[in-house]
Asks: 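The structure follows.
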Amino acid sequence: MAAHDPSRPTLYYDGACPVCAREIALYRRQPGAEALHWVDAARCEPEELGIGLSRQAALAALHLRQPDGALLAGAAAFTTLWLALPRWRWLGRLFSAPAGAFLLEHAYRAFLALRPLWRRAQSPR
């Protein structure tokens with residue numbers, strides 16, 4: 001793995017979640033993806049999470065650390081991610097507006113409530 005460049009935003013995602021992993025794989029194939037540092041919180045070393053982010057929190061929701069150290073979660077992390085990817089920028093702009101951010105945050109919370117069902121369905125029995 002390449003050394004982390006602190007001048008790039010860092011996205012923390014749950015690579016053990018099959019839905020999350022597929023979505024992140026889609027983003028990583030996009031133009032502009034090289035401008036971000038991608039960290040699979042399910043498999044990284046603890047120090048890769050940085051200050052103020054526990055593994056439990058990183059696995060519970062999408063997080064993005066900006067180069068200035070500010071840590072975003074949920075809808076704010078998604079909109080910042082989308083704004084960094086040229087093909088997704090329109091969606092980032094749409095959901096950056098207050099009404100869009102409100103809707104996205106509530107939709108994401110609903111997804112997070114259902115996500116454990118997908119993880120269990122993917123687990124070996």
Side-chain angles (χ1 to χ4, degrees):
M1 176 175 6
H4 170 54
D5 175 357
S7 68
R8 295 187 299 162
T10 300
L11 190 85
Y12 304 93
Y13 64 94
D14 181 358
C17 167
V19 174
C20 307
R22 280 192 295 276
E23 183 175 10
I24 294 301
L26 171 73
Y27 296 140
R28 290 185 78 167
R29 291 190 302 269
Q30 300 300 306
E34 66 283 352
L36 288 100
H37 180 65
W38 305 83
V39 175
D40 179 349
R43 294 173 181 84
C44 71
E45 295 298 322
E47 57 273 5
E48 288 183 76
L49 297 172
I51 297 169
L53 182 61
S54 69
R55 187 176 310 272
Q56 181 180 4
L59 294 174
L62 189 77
H63 285 75
L64 185 140
R65 187 178 309 278
Q66 295 180 324
D68 67 2
L71 191 60
L72 307 173
F78 272 104
T79 56
T80 303
L81 166 63
W82 293 333
L83 288 168
L85 301 174
R87 291 181 181 165
W88 293 81
R89 195 163 288 142
W90 67 272
L91 196 59
R93 287 185 188 123
L94 178 68
F95 285 107
S96 291
F102 176 84
L103 291 172
L104 180 59
E105 186 63 38
H106 282 73
Y108 186 58
R109 288 181 188 185
F111 165 77
L112 290 176
L114 295 173
R115 192 170 71 116
L117 301 174
W118 283 303
R119 286 192 76 166
R120 277 197 293 273
Q122 294 293 318
S123 301
R125 294 175 197 235

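All values below were derived from every heavy atom in this structure, side-chain atoms included, with hydrogens, water molecules and symmetry-related copies excluded.
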Asks: For atom CD of Q56, decide whether the heavy atoms of other residues, nucleotides or ligands shown that lie under 6.0 angstrom number more than 12.
Replies: no
Asks: Could you tell me if the side chain of T80 sits less than 4.5 Å from the side chain of P9, heavy atoms only?
Replies: no
Asks: Do you know the tightest heavy-atom contact between P86 and P31?
Replies: CD-O, 3.1 Å
Asks: Quick one: ring-ring contact (aromatic ring centres under 6.0 Å, His included) partners of Y13, sequence neighbours excluded?
Replies: none
Asks: What pairs with A61 under side-chain contact (heavy atoms from CB on, under 4.5 Å), at least two apart in sequence or on another chain?
Replies: H63, Y108, L112
Asks: Who passes side-chain contact (heavy atoms from CB on, under 4.5 Å) against L103, sequence neighbours left out?
Replies: none
Asks: Can you list every salt bridge (Lys or Arg N to Asp or Glu O under 4.0 Å) pair that touches residues 69-93, not counting sequence neighbours?
Replies: none
Asks: Are the ring centres of Y27 and W88 closer than 6.0 Å?
Replies: yes
Asks: Residues in side-chain contact (heavy atoms from CB on, under 4.5 Å) with A70, at least two apart?
Replies: Q66, D68
Asks: Identify whether L91 and V19 are in the same connected component of the hydrophobic contact network (ILVMFWY, side-chain heavy atoms under 4.5 Å).
Replies: yes
Asks: Can you find a pair of side-chain heavy atoms, one from L72 and one from T79, that are under 4.5 Å apart?
Replies: no
Asks: Could you name each residue pair satisfying salt bridge (Lys or Arg N to Asp or Glu O under 4.0 Å) that touches residues 28-41, not counting sequence neighbours?
Replies: D40-R43
Asks: Between Q30 and L26, is there a side-chain heavy-atom distance shorter than 4.5 Å?
Replies: yes
Asks: Test: salt bridge (Lys or Arg N to Asp or Glu O under 4.0 Å). Region: residues 102-111. Which pairs qualify, not counting sequence neighbours?
Replies: E105-R109
Asks: Taking the side chain as every heavy atom from C-beta outward, state whether L62 and I24 have any atom pair closer than 4.5 Å.
Replies: yes
Asks: Check whether any side-chain heavy atom of F95 lies under 4.5 Å from a side-chain heavy atom of F78, and answer yes or no.
Replies: no
